[in-house]
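We use all heavy atoms of the structure for the numbers below, so side chains are in, but hydrogens, waters and symmetry mates are not.
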Amino acid sequence: MSLRNDLLTLLAKYERILAKLDRLKERETKQAAPGRLEVLRPSACGYHYVYTCKDPLTGTRKRKYLSDSKAENHLASRLAQTAYQAELRKLLEQRIPQLQDLLANFEDQELEKVYCDLHPGRQCIVSPIEPTRDQRLRQWQGTPYKGLNMAPQDGYFETNKGEKVRSKSEKILADRFHDLGIAYKYECPLISRGRTTLYPDFTFFDPAHNWEFYWEHFGMMDNPAYAKRACQKLEEYGMQGIFPGDRLIVTFETANKPLSIRYVNQLIAHTFGR
């Protein structure tokens, strides 16, 4: 989760769109109509259009009300499309150099780097204006919480970290996070907005954006009662503005389709860059 990566993705998108406009311009140059289109106030019959162009002989501007014929509807469409693409090109040609200049000099952690680059003798007597990412992460990790009770008769699995989880798949996930150095909290309460408190399987903290995000594993989706509770839990997340693919990662399994370790590794790499 990196602002620099987000900017690089945005730059690539803008460059891709500009290249598409270039291809369209080459293809449409021969068909381009000179002049511009005016849109009049709509009436009961729809919009009315006026075609304005310069007379090549006299240099004077001519205005023509376009009829509803197929040819003149096509002319109006071409003029409107050309004007739209010109405005889009103008914006892209402005933004792309700005993004390139920003990326040439931008680092994700440049503000906190000013503090981190201080001599240790200065760091110990200076208070950073904003806590660094490491400071925010340590503070989050050090904040105590009370998870769900786990009764002995419920059964449990012990992770490599030495904590108890409720299923073999949760142990697989917890061990993978631990091995990769990904900080998490197991069944940390998520206080809802006037609704039932949720206990996500795993809670993570993104110090770059200063927010938490969550991983839910639903392990018995072939059990109708369990599947119903899973759907209810996803709805509770949605009520709080948390949706799969945004701040919620969701995995599933059934008796015949166990959790895929390969998919888990791909998901972790995509989410955490590990």
Side-chain angles (χ1 to χ4, degrees), residues 1-10 12-13 107-109 112 131-143 145 147-148 150 155-190 198-222 226-227 229-231 233-238 240-274:
M1 295 184 176
S2 160
L3 178 56
R4 181 177 179 83
N5 287 342
D6 290 343
L7 290 171
L8 286 168
T9 300
L10 183 63
K13 175 184 176 181
E107 295 181 28
D108 271 323
Q109 303 179 46
E112 64 184 64
T132 67
R133 296 187 187 193
D134 287 344
Q135 289 172 335
R136 291 196 294 271
L137 182 58
R138 287 197 299 270
Q139 181 181 16
W140 176 80
Q141 288 178 285
T143 302
Y145 70 95
L148 283 172
M150 191 176 295
Y156 63 84
F157 294 80
E158 187 169 324
T159 69
N160 294 344
K161 188 179 174 181
E163 64 187 347
K164 298 174 182 177
V165 296
R166 298 178 189 278
S167 71
K168 181 179 178 181
S169 293
E170 287 182 346
K171 171 179 164 53
I172 290 171
L173 292 169
D175 288 344
R176 197 72 188 112
F177 301 145
H178 180 65
D179 292 345
L180 292 171
I182 299 169
Y184 68 85
K185 294 181 179 181
Y186 180 69
E187 292 187 344
C188 178
L190 171 60
L198 294 172
Y199 290 86
D201 291 336
F202 299 96
T203 300
F204 309 92
F205 181 68
D206 177 6
H209 297 92
N210 204 33
W211 64 36
E212 290 180 329
F213 61 104
Y214 313 94
W215 188 311
E216 283 286 355
H217 178 68
F218 297 111
M220 296 188 294
M221 292 303 289
D222 44 355
Y226 180 96
R229 291 195 299 272
C231 292
K233 194 170 188 180
L234 288 174
E235 287 180 6
E236 288 289 341
Y237 276 111
Q240 299 186 58
I242 301 169
F243 300 96
D246 181 12
R247 290 172 52 209
L248 178 60
I249 303 163
V250 184
T251 47
F252 304 92
E253 68 176 303
T254 67
N256 295 324
K257 184 65 176 68
L259 180 65
S260 166
I261 306 302
R262 180 180 180 184
Y263 176 65
V264 166
N265 288 335
Q266 291 174 331
L267 199 50
I268 290 174
H270 174 76
T271 305
F272 301 95
R274 306 288 179 91

* Exceeds 12 heavy-atom contacts within 6.0 angstrom, atom CD of Q135 -> yes
* Asked: Quick check: are there more than 12 heavy atoms from other residues, nucleotides or ligands sitting under 6.0 Å from OH of Y263?
  -> no
* Would you check if L173 and L259 make a side-chain contact, meaning some heavy-atom pair closer than 4.5 Å? => yes
* Side chain to side chain, N5 and L8, heavy atoms closer than 4.5 Å -> yes
* Structure fact -> F252 meets the ring pair (Phe, Tyr, Trp, His ring centres under 6.0 Å) criterion, sequence neighbours left out, with F218
Value rounded to 0.5 Å, distance of [atom1] in [X] from [atom2] in [Y]:
X    : Y    : atom1 : atom2 : value
F157 : I172 : CZ    : CD1   : 9.5 Å
E158 : D175 : CD    : CG    : 10.0 Å
E236 : Q240 : CD    : CD    : 7.0 Å
L3   : Q109 : CG    : CD    : 11.0 Å
R247 : H209 : CZ    : NE2   : 11.0 Å

Keeping [X] on the side-chain end and [Y] on the backbone end, is there a donor-acceptor pair under 3.5 Å?
X    : Y    : result
E216 : L248 : no
D222 : A255 : yes
R136 : P131 : yes
D201 : H217 : yes

* Can you sort out the partners of K161 under side chain to side chain contact (heavy atoms under 4.5 Å, CB included), two or more places apart, ordered by chain and number? => T159, E163, H178, Y184
* Does a side-chain N-to-carboxylate-O contact under 4.0 Å join E212 and K185? -> no
* **Residue pair F202, Y186: steps toward the ring-ring contact (aromatic ring centres under 6.0 Å, His included) verdict** => CA-CA 5 Å; F202 299 96; Y186 180 69; 5.7 Å; yes
* When you look at T203 and W140, which way does the side-chain contact (heavy atoms from CB on, under 4.5 Å) test go after all the steps? -> CA-CA 11 Å; T203 300; W140 176 80; 4.0 Å; yes
* **Set of side chain to side chain donor-acceptor pair (under 3.5 Å) partners for D179, sequence neighbours left out** => none
* Asked: Step by step, would you call N160 with K171 a side-chain contact (heavy atoms from CB on, under 4.5 Å)?
  -> CA-CA 8 Å; N160 294 344; K171 171 179 164 53; 3.6 Å; yes
For the residue pair [X] and [Y], what are the closest heavy atoms and their distance?
X    : Y    : result
M150 : R166 : CE-CG, 3.7 Å
F205 : F213 : C-CE2, 4.2 Å
A183 : Q141 : CB-NE2, 3.3 Å
Y214 : P200 : CD2-CG, 3.6 Å
R176 : I268 : CG-CD1, 3.5 Å
Y199 : P189 : CE2-CB, 3.6 Å

* Asked: So F272 and L180, side-chain contact (heavy atoms from CB on, under 4.5 Å) or not? Walk me through it.
  -> CA-CA 10 Å; F272 301 95; L180 292 171; over 6 Å; no
* **cation_pi(K164, Y156) dist<6.0 Å, angle<=45** => yes
* To do: Apply side-chain contact (heavy atoms from CB on, under 4.5 Å) to the pair T271 and F204, showing each step before the final yes or no.
  => CA-CA 11 Å; T271 305; F204 309 92; over 6 Å; no
